[in-house]
Amino acid sequence: MTLPNADAEKARWTASADLWDRWADPMAELADKLNQPLLDAAGVRPGAVVLDLASGAGEPALSAARRAGAEGFVLGTDLVPAMLAGAVRRAAAAEPRPAFAAADMTALPFGAGAFDAVTCRFGIMFVPDAVGALTEVRRVLKPGGRAAFMVWGPRAENALFAAVGGAVEDRLGPDPVHGIGPLFRYAEPGSLAADLARAGFAEAAETALTPTRKAPRGQPFWRATLDMLFGARIADLDARERAALEADIAARFDALAQDDTVPLPAHVRIGVGVA
Ligand SMILES: C[S@@+](CC[C@H](N)C(=O)[O-])C[C@H]1O[C@@H](n2cnc3c(N)ncnc32)[C@H](O)[C@@H]1O
């Protein structure tokens, strides 16, 4: 398991913020579909007061605000203010509109029992002291409130990461600091539920989702993944090197194609803690 480093994570997300903002709108429909089971797991319903952690460019805070409705309130937070700039931009057109504020999930600036529900999509794995963060989450939840965390299952079961990450690493070598190792910190079934239990949640459980998206063959559907996860790392490649990398990625997906589509299996896990 690759554990994250706090300074490296802050630098990674600060450097990636513009690319995350650029891809957020084209990915919004896909993101909203993925957000729904996370909101279900956290028990987000109309009128709920919800804290979203590590919101990045606004996911799932924007979906949560739609579900909580005018009677509810959603606060999206992130360690990196540059990441939240995209969320604030997107929220300007949203109704109901979530609020956003910078916050480190290991030291939440909120009182005990302030929230009905907490959500976090693809964020907890990047926090070195994850149990410390989960303990903070339990503190800010009302008794009986739910926190739900979406994490990635094994890299080999996530076709986009396997192919794009494989091509980047084959060309540039593994990167222990800025590589995607931390994404798979909770890939082992039960490992997230175990940390929720360590943080003192009264109940802790985990479920797996294994959807397969069909992408159009021959299209650069993989570019969002390349930009968002490796954009900072490949920024210094010259045009020839970048073209060679992209050709390698395209060839890997072409090898997986069935007729006109490329099946993209994914494995995500949702961990739920009841305070
Ligand atoms: C993979 S992005 C996920 C963004 C968004 N939730 C999504 O699913 O599109 C990970 C986010 O975690 C944030 N993050 C990392 N460490 C954090 C911490 N200690 N507290 C709050 N956010 C953190 C990063 O700044 C980054 O925006």
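Indexing begins at 1, ligand by ligand and atom by atom, following the structure's order. Numbers here simply count residues along the sequence, with the first being 1.
A salt bridge is absent between D40 and R45; no separation between the charged side-chain nitrogens and carboxylate oxygens falls under 4.0 Å. A salt bridge does not link R213 with E29: none of the charged nitrogens is closer than 4.0 Å to a carboxylate oxygen.
Dense packing is recorded around CZ of R155, with more than 12 heavy atoms of other residues, nucleotides or ligands lying under 6.0 Å away.
None of F149, W152, F161 except one satisfies the ring pair (Phe, Tyr, Trp, His ring centres under 6.0 Å) rule with F122; the exception is W152.
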For ligand 1, list all ligand N or O to protein N or O distances below 3.5 Å, rounded to 0.1 Å.
| residue | atom | partner | partner atom | Å |
| --- | --- | --- | --- | --- |
| ligand 1 | 6 (N) | A54 | O | 2.7 |
| ligand 1 | 6 (N) | E59 | O | 2.8 |
| ligand 1 | 6 (N) | R121 | O | 2.8 |
| ligand 1 | 8 (O) | R121 | O | 3.2 |
| ligand 1 | 8 (O) | R121 | NE | 2.6 |
| ligand 1 | 8 (O) | R121 | NH2 | 3.3 |
| ligand 1 | 9 (O) | R121 | NH2 | 3.2 |
| ligand 1 | 19 (N) | D104 | OD1 | 3.0 |
| ligand 1 | 20 (N) | M105 | N | 3.0 |
| ligand 1 | 22 (N) | L79 | N | 3.2 |
| ligand 1 | 25 (O) | D78 | OD1 | 2.6 |
| ligand 1 | 27 (O) | D78 | OD1 | 3.4 |
| ligand 1 | 27 (O) | D78 | OD2 | 2.7 |

Determine, stepwise, if the pair D32 / Q36 fulfils side-chain hydrogen bond (donor to acceptor under 3.5 Å, both in side chains).
-> CA-CA 6 Å; D32 187 58; Q36 296 310 317; 3.0 Å; yes
Donor-acceptor contacts under 3.5 Å from residues 253-263 side chains, at least two apart:
| residue | atom | partner | partner atom | Å |
| --- | --- | --- | --- | --- |
| D254 | OD1 | R217 | NE | 3.0 |
| T261 | OG1 | Q258 | O | 3.4 |

